[in-house]
Amino acid sequence: MSPTKRIIVNTLAQYTRAILNIGLSLYSTRLVLETLNVNDYGIYSLVASVVGILGYLTNALVVTTQRYLSYYHGARNIEKVRRVFANSVIIHAFVVLAFGIVLFALRGFIMNGTVLNIAAERLQAATYVYDITVLMLLVTIITSPFKALLIARENIVYISIVEVADGVLRLLLAISLFFIGGDKLIAYAIGMGCILLINLMAYMAYVFAKYQESQFSFQKSIVDKRIINKLLGFAGWTTYGMASTICQTQGLSVVFNHFFGTAINAAFGLATQVNGAVRFVSTSVLNAMNPQIMKAEGNSDRQLMLSLAGKESKFSTALMMVLAIPIIIEMPDILDFWLRNRYVPEHTCMFCRAMLLAFLIDQTTLGLHAANQATGIIRTYSLLMYTPKILIVPISWIMLSLGMTVDSVMCIFVSIELGVAIARIPFLKVSAGLNIRQYIQLVLLPLVPQLLVSCIISLLLVSLLHFPLRFLVTLPVSIVFSIAALWIFTLDSNERQFAIRFITSRFRHDH
């Protein structure tokens, strides 16, 4: 299968998974909120966010492992791929041990009321949730190298199958809460842990059975200090970037909890769920194209690498706009229907809109982030691009201490994201020779007509139509117009011709 065709197949697989998981995730969350109530759901979101701050190291290790696996696949050095995978597994094993010791040792300090603002009568249940969430984090860490190898191998179809199954299991868990006695908060946490364990077994079984480079024995000869140093060095700066990003979400969650209690954490947690569901669309493009970007750099083809990075930015932004813009505009009605009116915590709509807008802005240059990872120039990039994101936590604390509103804090949140997105362009010009004028002409400008069409159609429909469940009409209509604008304005003639050839060939093959 050609690289371009593989990108299309993987994107379609991930996009299908995205649509299915959006529905499964949002409906599951509504059921969980109904059964747990606002405060218990806020407790779960808060505890998960605290543990999740350290969990971003896991994502850093996934990105690092996948980068080197893809790079050496591009260089056609399979023995190097085997050694990278083996040493990655060893690193993850030590991380699990270290995290387990540290997090369980800190349990008393975190849960005794000094760090978190949790009602006394729910503190014991919250402590159980903390223990279970730590175990969930450790399982996720162990899963990382296996998922990274699947991404490097561009087996996005299998990842999509596992993640759709994950969504189905979460829905079944949410339904089962209606029939479970006892403390439903603890039952929900245990169920989520079991689902992650099933995911781990699915990834491990497939990778060991399918890929020769995953086969190794734990012997002293397999340990390669140079590879470990490379992985840890790259992961260290990647972790810095991801830790900065987590400060925008989990860090804000802790700040909001300090000033407003667990009720606002329910609103923030719901917004995170909505944002996470919609950003599956972006993930579909990233997982499909990132391995190709790394392989192009590994094959010393810098121009192809930058071209693919630009296409990643354009495609992920275009696909995100198809869903995100009409959802942002219809957010109040969607939330009322989703959460049945009485379950919508205060600030939920504003949080959802701000997060989706910030993420949409980030997509416009996200391919350049992948390009920078491919070049391996990670330290300077992380310091310049992610340090501003850390500032949201102290800034929000000061703003709220001075009596300013939650809305103003989220305005700063979006502004920082805009500044970072813009800054990537001149950085890649200096570090990788990016042609700025070409990037603007080929990536950013083609997105403008689609943006205008999507906004105008959505706003026009909302202003003209007034009846219950209006979004069931406005969303499909807006999506159709946005897809039409994407086809006409966003894609160039070569991309349209390739899409037609690909669809035609698939149709003929099926018949």
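Just so it is clear, the model here is predicted, and its values are computed rather than measured.
Of all the heavy atoms in Ser431 and Arg302, the pair that sits closest is O-NH1, 4.2 Å. The nearest pair of heavy atoms linking Ile293 to Met305 is O-CG, 3.4 Å. Taking both residues in full, the closest heavy atoms of Lys314 and Leu442 are given as CD-O, 3.4 Å, listed atom of the first, atom of the second, then distance. Between Met321 and Pro326, the closest heavy-atom pair is O-CD, 3.7 Å. Between Ser458 and Ile329, the shortest heavy-atom distance links the atoms CB-CD1, 3.3 Å. Closest non-hydrogen pair, His92 versus Ser88, comes out as ND1-O, 2.7 Å.
Between Phe260 and His347, the ring planes are tilted. Angles from 30° to 60° get that label. Note on ring orientation: taking the six-membered ring where Trp is involved, the planes of Phe351 and Phe268 are perpendicular (angle over 60°, cut-offs 30° and 60°).
Side chain of Thr387 to backbone of Leu384: no donor-acceptor contact under 3.5 angstrom is found. At least one donor-acceptor pair closer than 3.5 Å links the side chain of Ser144 to the backbone N or O of Thr140. Within the 3.5 Å criterion, the main-chain N or O of Pro446 finds a donor-acceptor partner in the side chain of Thr490. At least one donor-acceptor pair closer than 3.5 Å links the side chain of Arg496 to the backbone N or O of Ile488. A donor-acceptor contact shorter than 3.5 Å is absent between the side chain of Gln450 and the backbone of Leu447. Between the side chain of Thr364 and the main chain of Ile361, a donor-acceptor pair closer than 3.5 Å is present. At distances below 3.5 Å, at least one donor-acceptor pair connects side-chain atoms of Arg470 with backbone N or O atoms of Leu465. Judged purely by atom type and a 3.5 angstrom limit, Asn299 has no side-chain atom pairing as donor or acceptor with the backbone of Asp301.
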Sequence neighbours excluded and cut-off under 3.5 Å, please list the side-chain donor-acceptor pairs for residues 390-397, or say none.
{"from": "Ser396", "atom 1": "OG", "to": "Ile392", "atom 2": "O", "distance (Å)": "2.8"}
{"from": "Ser396", "atom 1": "OG", "to": "Val393", "atom 2": "O", "distance (Å)": "2.8"}

Determine all donor-acceptor pairs shorter than 3.5 Å in which one atom belongs to a side chain in residues 409-423; sequence neighbours excluded.
{"from": "Ser415", "atom 1": "OG", "to": "Cys411", "atom 2": "O", "distance (Å)": "2.9"}
{"from": "Glu417", "atom 1": "OE1", "to": "Gln248", "atom 2": "NE2", "distance (Å)": "3.2"}
{"from": "Glu417", "atom 1": "OE2", "to": "Lys389", "atom 2": "NZ", "distance (Å)": "3.2"}

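With no hydrogens or angles considered, a side-chain donor-acceptor pair links Ser313 and Tyr439 at under 3.5 Å.
By the neighbour-count criterion of 12 heavy atoms within 6.0 Å, atom CZ of Arg379 is sparsely surrounded, having that number or fewer from other residues, nucleotides or ligands. In the displayed structure, Tyr203 atom OH is contacted under 6.0 Å by more than 12 heavy atoms of other residues, nucleotides or ligands.
Between Arg424 and Leu366, some side-chain heavy-atom pair lies under the 4.5 Å cut-off. Taking the side chain as every heavy atom from C-beta outward, Phe337 and Pro468 never approach each other to under 4.5 Å.
With rounding to the nearest 0.5 Å, the separation of CG in Leu169 from CD1 in Ile195 is 5.0 Å. Taking CG of Leu428 as the reference point, atom CG of Asn435 lies at 12.0 Å (rounded to 0.5 Å).
Listed by chain and residue number, His369 satisfy the side chain to side chain donor-acceptor pair (under 3.5 Å) test with Tyr386 (two or more places apart in sequence, or in another chain).
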